[in-house]
2 protein chains.
Amino acid sequence: MSLEIPEVVINRLPVYARALTELAQRGESVVSSQALGELLDVTPAQIRKDLSYFGRFGKQGRGYNVNGLLSTLREILGIDRQWRLCLVGVGRLGQAIAEYGGFGPQGFEIVAAFDANPELIGQEIGGSPVHPIEDLERYLHSHRVDIGIVAVPAPAAQSVVDKLVAGGIHAILNYAPITAHVPRDVVIRHIDPVLAMQSMTFYIKRGEPGGK
Amino acid sequence: MSLEIPEVVINRLPVYARALTELAQRGESVVSSQALGELLDVTPAQIRKDLSYFGRFGKQGRGYNVNGLLSTLREILGIDRQWRLCLVGVGRLGQAIAEYGGFGPQGFEIVAAFDANPELIGQEIGGSPVHPIEDLERYLHSHRVDIGIVAVPAPAAQSVVDKLVAGGIHAILNYAPITAHVPRDVVIRHIDPVLAMQSMTFYIKRGEPGGK
DNA sequence: GGTCTTTTGTGAAATCCGTAACTTTCGACG
DNA sequence: CGTCGAAAGTTACGGATTTCACAAAAGACC
């Protein structure tokens, strides 16, 4: 039954959850896989298949209860609770992340920040003080932190990832433009706008032999 | 032969290109699929297969010429030239994007910015003046712009996407937390740190029945 | 309570993608 | 000039995902 769920499925669940949140706010109380699929550009069959990995949540002939499915998904994903993050790297990018208002409302709170630059140590960034990077591992061992955010320059990134792992972190959001290596029991996701751009350009090479 | 290349393959090419750039900087002149694979956590077979969609670039018994393969990939991807971007939305997020130093060196230049807030119009952001959003479509028809970046709040995002499409844009990088709808001939990529977080939490729910 | 409509849940088929294994080519060396 | 080792190119297989299509369930209406 709950035998090894494909990662692609897990990656789609937050998208479903977000759509359901919006439907709930609009006051919708039920939704069909058809309707949800149109909202998200996904086939209804895929939605039903994905959900079927976890149980039976719909009513035949009716569809899914919006609030019911939403809270089920939130529980499955673990986004029904508060998560504690630490931010490593408080340069321009790191500061933008710290000040980004999108994490808080979703239950992701940055509880500590770290940087190698002595000038930044002690400053307040997004409400929490900046610690020296040397204290990172010790800090992780003495405070609960669930997820690490890496926002340092590429050359420093792998070493930061290693420190996070050594500190017992099992989930990392990496903004640095590198392919970081982590042990099998650590999840890592990459945010890389440049890679996204570079894969789009393939499709818009116009006025070229072979271009669209 | 060059019949319909899978999108996953296209998405990996920029990663290869980045690794090759670094190898080139280190002065390496040849690399085997084995060595490149270890660097990137990809199997050698996958690298060879991916490249074989486009031609034969290696020498048996030796490996790939680093600079040669790099420039081939850059050409295939179209990242061997300058691309002109426009940024829509100059709030906190938009400003961070405009000031982000990562695009320029890769040939992506923001040539114009747009916002709905009258207070921002006329200000300089990252070297280019902010235009009123009403001028977007007209601007696109009278200037060359290859890619649009959407950095507006969720409720406004679809309408901005529509305007970009109406203006003839075929590639969009979307930072807004929505699933945007675009015609089949438009490529769109999403940057969404929250979704990335929310899919990671599934794997780190500890101390739960069923958690790891 | 029976029938009709709708939409789920699901097994099977189809497709897509990755991996492994084999063949070929290249350079080196004797 | 022939043999050997290494690594690319390629084909075939297998596994993973997606799609399809149908049976079963639920409410609505009479």
Side-chain angles (χ1 to χ4, degrees), chain A residues 1-16 19-20 23 28-70 72-73 76 179 184 199 202, chain B residues 1-16 19-20 23 28-73 76 179 184 199 202-203:
Chain A
M1 207 191 137
S2 87
L3 207 80
E4 215 48 57
I5 291 143
E7 191 175 320
V8 271
V9 173
I10 301 301
N11 291 339
R12 279 191 294 263
L13 297 189
V15 181
Y16 300 163
L20 289 166
L23 289 171
E28 307 280 338
S29 65
V30 295
V31 68
S32 66
S33 58
Q34 174 79 42
L36 192 56
E38 277 166 21
L39 225 51
L40 298 175
D41 270 331
V42 168
T43 65
Q46 178 149 86
I47 293 174
R48 296 201 300 274
K49 203 19 130 40
D50 285 352
L51 296 178
S52 78
Y53 281 101
F54 301 94
R56 312 168 49 137
F57 309 116
K59 281 220 173 72
Q60 272 122 328
R62 298 286 294 153
Y64 300 89
N65 177 295
V66 171
N67 284 301
L69 183 56
L70 177 55
T72 304
L73 285 181
I76 290 170
T179 302
R184 203 165 297 245
S199 66
F202 174 82
Chain B
M1 211 184 129
S2 89
L3 207 81
E4 217 48 60
I5 290 142
E7 189 173 321
V8 271
V9 172
I10 301 301
N11 291 338
R12 278 191 294 263
L13 297 188
V15 181
Y16 301 163
L20 288 166
L23 289 171
E28 307 279 337
S29 65
V30 296
V31 68
S32 65
S33 58
Q34 172 79 42
L36 191 56
E38 278 166 21
L39 225 51
L40 298 175
D41 269 331
V42 168
T43 65
Q46 178 146 85
I47 294 175
R48 296 201 300 273
K49 186 84 188 287
D50 286 351
L51 296 178
S52 78
Y53 281 102
F54 302 94
R56 312 168 48 136
F57 310 115
K59 280 221 174 70
Q60 274 126 326
R62 298 284 295 151
Y64 299 90
N65 177 294
V66 170
N67 284 300
L69 182 56
L70 177 54
S71 50
T72 304
L73 285 181
I76 290 171
T179 302
R184 203 164 299 238
S199 66
F202 174 81
Y203 296 101

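This is a predicted model, so every value here is computed, not measured.
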Undergrad: Grab the N/O contacts between the protein and nucleotides 19-21 of chain D below 3.5 Å, and write none if there aren't any.
TA:
from: D:dT19; atom 1: OP2; to: A:Thr43; atom 2: OG1; distance (Å): 3.2
from: D:dT19; atom 1: O4; to: A:Lys49; atom 2: NZ; distance (Å): 3.4
from: D:dA21; atom 1: N6; to: A:Arg48; atom 2: NH2; distance (Å): 3.4

Undergrad: Can you give me the first and the last nucleotide of DNA chain C (5' to 3') that has an atom within less than 4.0 angstrom of a non-hydrogen atom in chain A?
TA: C:dT6 to C:dA12

Undergrad: List the atom pairs, with distances to 0.1 Å, where a side-chain N or O of residues 59-66 of chain A and a protein N or O form a donor-acceptor pair under 3.5 Å, not counting sequence neighbours.
TA:
from: A:Asn65; atom 1: OD1; to: A:Asn67; atom 2: N; distance (Å): 3.0
from: A:Asn65; atom 1: OD1; to: A:Gly68; atom 2: N; distance (Å): 2.6

Undergrad: Give me each pair satisfying side chain to side chain donor-acceptor pair (under 3.5 Å) with a member in residues 29-44 of chain A, each pair once, sequence neighbours excluded.
TA: A:Ser33-A:Arg48, A:Gln34-A:Glu38, A:Asp41-B:His181

Undergrad: For nucleotides 25-27 of chain D, give me every protein contact, N/O to N/O, under 3.5 Å, one pair per line with atom names.
TA:
from: D:dA25; atom 1: O4'; to: A:Gln60; atom 2: OE1; distance (Å): 3.3
from: D:dA26; atom 1: O4'; to: A:Gln60; atom 2: O; distance (Å): 3.2

Undergrad: To the nearest 10 degrees, how far apart in direction are the end axes of the helix from C:dG1-D:dC30 to C:dG30-D:dC1, each fit to five base pairs?
TA: 0°

Undergrad: Could you tell me the separation between the CD1 atom of A:Ile47 and the P atom of D:dT17, rounded to a whole number of Å?
TA: 18 Å

Undergrad: Can you list everything that forms a side chain to side chain contact (heavy atoms under 4.5 Å, CB included) with A:Val42? Sequence neighbours excluded, please.
TA: A:Tyr16, A:Leu40, A:Gln46, A:Ile47

Undergrad: Tell me every residue that passes salt bridge (charged side-chain N to carboxylate O under 4.0 Å, His left out) with B:Glu7, counting only those two or more places apart in sequence or in another chain.
TA: B:Arg189

Undergrad: Under 4.0 Å, heavy atom to any atom of DNA chain C: which of residues 8-15 of chain A qualify?
TA: none

Undergrad: Once you round it to whole Å, what is the distance between C1' of D:dA8 and OH of B:Tyr53?
TA: 16 Å

Undergrad: Expressed as a whole number of angstroms, how long is the span from B:Leu51:CG to D:dG9:C1'?
TA: 11 Å

